[in-house]
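Below is one structure, written out as structure tokens; the observations come after it.
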Amino acid sequence: MSEVTLKHVCKRYGKTEVVKDVNLNVRDQEFIVLVGPSGCGKSTTLRMIAGLEEISGGDLLIGGTRMNEVEPKDRDIAMVFQNYALYPHMNVYENMAFGLKMRKFTKDDIDKRVKEAAAILDLDKLLDRKPKALSGGQRQRVALGRAIVREPQVFLMDEPLSNLDAKLRVQMRAEISKLQKRLKVTTVYVTHDQTEAMTMGERIVVMHDGMIQQVATPEEVYRMPVNIFVAGFIGSPAMNFIQGTLEDKGNSVLFQAYGAEWVLNTAQEKKVREHSYVGKEIVFGIRPENIEYGGRDAQNTFQATVEVVEYTGSEAYLHCSGFGEKMLTIRSSNIKVQRGALATLVIDIDKAHLFDVQSEKNILLFE
Ligand code: ADP
């Protein structure tokens, strides 16, 4: 078993706490992704697991054993870095063999492991090449190979794809996922890219300001974000947020903002009544794909003007005014829409999220 467990882990530099009370259990063989904006503490958390940073407080367990004071080389982990960290004067074979040599593996064993890894990563024909004669993607595969040959309990990956161009990144994303499934090694992967996190992680850990915001499957994080931060960070284009008031109409509750009135559904109404939000301000969140352009429903509509159209090829992102100072973003399959168009937009109320103005928590998830 190679679970990785963090219990109340924190990191301080002087008086500044950059990782705060992190509690996380990465399951055996799981692929988990730490994601969040730059500076939120992802790398520091990963480096504490690797033993490259001292842990200021709390406990780190790998495979059930406390590792806080164990040397990095004795933790049975292998790390893959953003810059690959290959030795320029060594060829591919030597780069992959190096760590094993240092650990005094026999020549035969090294040869077997390097050749196996090379076959898995399609590097068989490149074993004699020096890193400078490789493409970015090939270098990244050598860096992965170096981690694989160790047959560690845990892989730690710190933005391993960020030096690759967009197309190669997408390809390597799938390769790494496939490789991890095949090798079944518990993996902690760090990225600032929410698409990478969503597509690769079995579960994702959204971090902000040194704190974990939510740990869940990509689908859950998308459908049920716990707060405004997670709701805004995950999903592209980002969720629209509108502040307004909940009004009691006796047999229904309306969300009102800038003259628009939208009727909450039964489950939403029940929640806001139970938690006494009726008559109060809330933040209404709706994703760009949950607003229909040119819809005909009589309910939950508003009139808007299309100010900016961004074509992606298969769909268009429409940035619309008509809502006070706010621009709302809509994702539409209608790619014929022109700038300046006037339209009726329809909110899919069943997909709306309601947040507390102060705590920014998702009201619909309250007990
Ligand atoms: P991320 O990986 O999410 O971009 P990091 O874990 O690298 O973030 O950094 C988290 C915070 O810790 C940042 O605000 C960063 O400036 C700070 N930090 C990182 N290393 C040090 C250090 N050696 N001394 C002081 N502050 C640091």
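Just so you know, ligand 1 is whichever comes first in the structure, and atom 1 is the first atom listed for that ligand. Just so it is clear, the structure is predicted and the values come from calculations on it, not from any experiment. Just so you know, these numbers use all the heavy atoms, side chains as well, and skip hydrogens, waters and symmetry mates.
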Checklist entry - Does some non-hydrogen atom of the protein lie less than 4.0 angstrom from atom 11 (C) of ligand 1? => result yes

Checklist entry - Are the charged groups of Arg113 and Glu151 less than 4.0 angstrom apart, N to O? => result yes

Checklist entry - For ligand 1, which atoms sit closer than 4.0 Å to a heavy atom of Cys40? => result 1 (P), 3 (O), 8 (O)

Item to check | Nearest non-hydrogen protein atom, atom 13 (C) of ligand 1 | outcome: Gly39 O, 3.7 Å

Checklist entry - Any non-hydrogen protein atom below 4.0 Å of atom 16 (O) of ligand 1? => result no

Next on the checklist: For Val283 and Leu354: C-alpha separation, side-chain torsions, deciding distance, then whether side-chain contact (heavy atoms from CB on, under 4.5 Å) applies.
Outcome noted: CA-CA 6 Å; Val283 175; Leu354 310 175; over 6 Å; no

Item to check | Ser332 and Glu315: CA distance, side-chain angles, deciding distance, side-chain contact (heavy atoms from CB on, under 4.5 Å) verdict | outcome: CA-CA 6 Å; Ser332 176; Glu315 55 185 8; over 6 Å; no

Checklist entry - Is it the side chain, the backbone, both or neither of Thr44 that has a heavy atom closer than 4.0 Å to ligand 1? => result both

Next on the checklist: Run the side-chain hydrogen bond (donor to acceptor under 3.5 Å, both in side chains) test against Asp59 and tell me which residues pass, sequence neighbours left out.
Outcome noted: Arg66

Checklist entry - Which atoms from ligand 1 have a heavy atom of Val18 less than 4.0 Å away? => result 11 (C), 12 (O), 17 (C)

Next on the checklist: Check for me whether Arg331 meets the cation-pi criterion with Tyr293, that is, NZ or CZ under 6.0 Å from the six-membered ring centre and within 45 degrees of the ring axis.
Outcome noted: no

Next on the checklist: What I want to know is whether Ser43 and ligand 1 share at least one N or O pair that is separated by under 3.5 angstrom.
Outcome noted: yes

Checklist entry - Among protein heavy atoms, which sits nearest to atom 19 (C) of ligand 1, and what does the distance come to when rounded to 0.1 Å? => result Tyr13 CE1, 3.7 Å

Next on the checklist: According to ring-ring contact (aromatic ring centres under 6.0 Å, His included), who are the partners of Phe323, at least two apart in sequence or on a separate chain?
Outcome noted: Tyr258, Trp262, Phe302

